[in-house]
Amino acid sequence: MNLTDRVVVITGGAGGIGSALARRFAAEGAAAVVLADLDAHATATVAEAVGPVARGVAVDAADEGQVRDLVADTERRYGRIDLFCANAGVATGVGIEAADADWDRAWRVNVMAHVYAARAALPGMLARGGGHLMHTCSAAGVLTAVGDAPYTATKHAAVGLAEWLAITYRDQGIRVSALCPQGVDTPMLADGLATGHLAARVIAASGAVLTPDQVADAAVAGLAEERFLILPHPEVAGYAVRRAEDPDGWQAGLRKLVRRLRAAPTPPSR
Ligand SMILES: NC(=O)c1ccc[n+]([C@@H]2O[C@H](COP(=O)([O-])OP(=O)(O)OC[C@H]3O[C@@H](n4cnc5c(N)ncnc54)[C@H](O)[C@@H]3O)[C@@H](O)[C@H]2O)c1
């Protein structure tokens with residue numbers, strides 16, 4: 001898919017990666033970019049900065065009724081949705097001790113929001129004979145997120161769901177991509193780095209921390225090639241191969257990194 005004249009929806013559109021995707025899609029000549037995020041004012045402000053093709057709407061991506069309304073309203077205004085980016089996501093920064101409410105929120109935003117997006121957007125796409133779903137998952141969904149059990153479990157589920165959708169709908173003209181970045185300089189990671197959180201330090205030690213614009217570049221390239229797995233950090237492919245070929249060795253390597261980081265003094269806040 002190229003983005004020229006496309007109608008695009010992006011959940012989590014006011015955030016770091018979502019707003020970078022919006023800017024990049026607008027620059028590529030998208031006909032409309034609908035940004036959906038929780039806070040109406042923040043979303044409208046980001047949309048205004050993106051330009052006249054962008055529209056900001058307050059939507060909870062984990063609420064099926066609101067996602068259905070978002071899709072219906074977009075189709076009514078613009079006639080179609082060519083690309084739906086299920087990008088909203090939440091991290092918890094904790095292990096299995098996370099409160100059930102935090103597990104539930106991670107499950108609802110990182111997984112069920114993708115189910116709701118697909119349920120709402122697919123009927124129109126199938127009727128028109130084509131469309132693209134891009135789900136922002138994470139390298140945590142093909143590897144792990146040390147220090148964040150709900151994030152790891154739900155991002156693995158998100159990759160599994162995206163793969164299932166890709167296999168099930170490809171022959172009906174639907175393309176599905178799983179965007180799986182590792183470290184990206186957005187509040188989600190920056191807040192963890194600022195407090196010296198182990199999860200954030202492991203991510204920073206495992207590869208480059210990209211800018212959201214670099215992730216958007218990789219997304220546009222992956223969409224152009226209609227690739228399923230879009231890895232803005234190419235090294236993640238190597239880690240995933242090592243994990244598949246030698247899970248025990250891969251886990252041992254990661255444990256060693258964690259021990260090294262735990263022993264090292266916490267870097268000062270940025
Ligand atoms: N930053 C990273 O290092 C990194 C790495 C891999 C994957 N990701 C994923 O990228 C995606 C975007 O994250 P980001 O890094 O831009 O973080 P971010 O915190 O800047 O943006 C996330 C956005 O999602 C929105 N959001 C959260 N819950 C929502 C809901 N229920 N409905 C609508 N919007 C909601 C937030 O308001 C926020 O604007 C997430 O899915 C995240 O898991 C981030």
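By convention here, the first residue in the shown sequence is residue 1. Whatever order the structure lists ligands and atoms in, that order sets their numbers, starting from 1.
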### Message
For Arg105, I'd like to know if atom CZ has over 12 heavy atoms of other residues, nucleotides or ligands within 6.0 Å.
### Response
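No, the 6.0 Å shell around CZ holds no more than 12 heavy atoms from other groups.
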### Message
Can you tell me if Trp250 has over 12 outside heavy atoms packed within less than 6.0 Å of its CH2?
### Response
yes
Please list the nearest protein heavy atom to [atom] with its residue and the distance rounded to 0.1 Å.
atom	answer
atom 8 (N) of ligand 1	Tyr151 OH, 3.5 Å
atom 13 (O) of ligand 1	Met188 CE, 3.9 Å
atom 24 (O) of ligand 1	Gly12 CA, 3.5 Å
atom 38 (C) of ligand 1	Asp37 OD2, 3.6 Å
atom 21 (O) of ligand 1	Gly15 CA, 3.4 Å
atom 20 (O) of ligand 1	Gly16 N, 2.9 Å
atom 17 (O) of ligand 1	Thr186 OG1, 3.5 Å
atom 35 (C) of ligand 1	Ala88 CB, 3.5 Å

So is there a nitrogen or oxygen of [X] less than 3.5 Å from a nitrogen or oxygen in ligand 1?
X	value
Ala61	yes
Ser138	no
Val184	yes
Val109	no
Ile17	yes

### Task
Measure up the His135 and His114 rings against each other and bin them: parallel (under 30°), tilted (30 to 60°), perpendicular (over 60°).
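Judged by the thresholds at 30° and 60°, the geometry between His135 and His114 is tilted.
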Pull out every atom of ligand 1 sitting under 4.0 Å from any heavy atom of [X], numbered as shown with elements.
X	value
Pro187	20 (O)
Gly183	3 (O)
Gln182	2 (C), 3 (O), 4 (C), 5 (C), 6 (C)

Taking the non-hydrogen atoms of [X], is any one of them nearer than 4.0 angstrom to ligand 1?
X	result
Leu38	yes
Arg108	no
Cys137	yes

pair [X]-[Y]: side-chain heavy atoms closer than 4.5 Å:
X	Y	answer
Arg119	Glu64	yes
Tyr116	Arg108	yes
Thr144	Leu254	yes

### Query
Does the salt bridge (charged side-chain N to carboxylate O under 4.0 Å, His left out) test come out yes or no for Arg23 and Asp213, once each step is laid out?
CA-CA 9 Å; Arg23 285 192 299 275; Asp213 288 334; 2.9 Å; yes
### Query
What part of Asn87, side chain, backbone, both or neither, has a heavy atom within less than 4.0 angstrom of ligand 1?
both
### Query
Can you hop from Val7 to Val34 via hydrophobic side chains spaced under 4.5 Å?
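Yes, it is one cluster - the side chains of Val7 and Val34 are joined through contacts under 4.5 Å.
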### Task
Apply side chain to side chain donor-acceptor pair (under 3.5 Å) to the pair Thr92 and Asp148, showing each step before the final yes or no.
CA-CA 6 Å; Thr92 73; Asp148 197 328; 2.8 Å; yes
